[in-house]
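Values reported hereafter were calculated over all heavy atoms of this structure, with side chains retained and with hydrogens, waters and symmetry mates removed. Residue numbers count from 1 along this sequence.
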Amino acid sequence: MKNIIIKCPVCDYTKQLSVGTSYLDSKYNLLNEKNENCILNQVTSEKEKNKIRSIIKHGGELKDHYGYKLYYCASCHHIYSKYYFSLGISHDQYIASYNCPVCKKQMQLLKQDQMIDYNCEKCHQDSMMYIST
């Protein structure tokens with residue numbers, strides 16, 4: 001797991017976010033419902049949980065490159081660390097997606113080395129920020 005610090009260029013507010021995986025993030029732990037690190041705990045909708053359970057039950061595989069990644073809300077310009085994962089079997093696929101806790105719009109996965117508009121959580125000023133992971 002790696003920590004990234006974002007800093008508002010206007011008021012110097014800082015926020016620490018985590019990216020990557022920990023030693024607990026084995027595919028076995030992530031797919032085991034009895035484990036607290038199970039990917040089902042990242043999903044709130046029962047409909048989505050049922051879809052994930054079905055994919056797992058039918059032999060679906062967790063794709064590589066899972067772990068905490070940065071998500072960005074293009075509507076209110078906030079940044080969050082959320083657990084990214086995708087799994088699937090044949091034509092049945094699931095990719096983690098999240099809604100912004102502030103404005104409830106769907107967030108997008110941030111690309112490395114991307115310039116974004118940022119809305120500071122402290123001073124609420126809009127500024128440009130460069131994210132490098």
Validate the cation-pi geometry between Lys82 and Tyr98: distance from NZ or CZ to the six-membered ring centre under 6.0 Å, angle to the ring axis within 45°. yes
Could Lys51 and Tyr94 be counted as a cation-pi pair, given that NZ or CZ must be under 6.0 Å from the ring centre and within 45° of the axis? no
Would a hydrophobic clustering, with Ile, Leu, Val, Met, Phe, Trp and Tyr connected at side-chain separations under 4.5 Å, put Leu40 with Ile89? yes
Worked check of side-chain hydrogen bond (donor to acceptor under 3.5 Å, both in side chains) between Asn37 and Asn29: CA-CA 6 Å; Asn37 291 338; Asn29 285 341; over 6 Å; no
Could you tell me if the side chain of [Y] sits less than 4.5 Å from the side chain of [X], heavy atoms only?
X	Y	result
Leu30	Tyr66	yes
Leu31	Ile39	yes
His77	Asp126	yes
Lys63	Gln93	yes

ring-ring contact (aromatic ring centres under 6.0 Å, His included) filter on Tyr80, not counting sequence neighbours, yields none
Contacts of type ring-ring contact (aromatic ring centres under 6.0 Å, His included), residue Tyr83, not counting sequence neighbours: Tyr68
If the condition is salt bridge (Lys or Arg N to Asp or Glu O under 4.0 Å), which residues does Glu33 pass it with, not counting sequence neighbours? Arg53
How would you list, by chain and number, every residue that makes a salt bridge (Lys or Arg N to Asp or Glu O under 4.0 Å) with Glu121, sequence neighbours excluded? Lys15
Tracing side-chain links under 4.5 Å among I, L, V, M, F, W and Y, which residues wind up in one group with Tyr23? Leu24
Rounded to the nearest 0.5 Å, the CE atom of Met107 sits from the SG atom of Cys100 at a distance of 6.0 Å
Between Thr14 and Ile6, is there a donor-acceptor pair closer than 3.5 Å when you use the side chain of the first and the backbone of the second? no
Applying side chain to side chain donor-acceptor pair (under 3.5 Å), name anything that partners Asp12, two or more places apart in sequence or on another chain. none
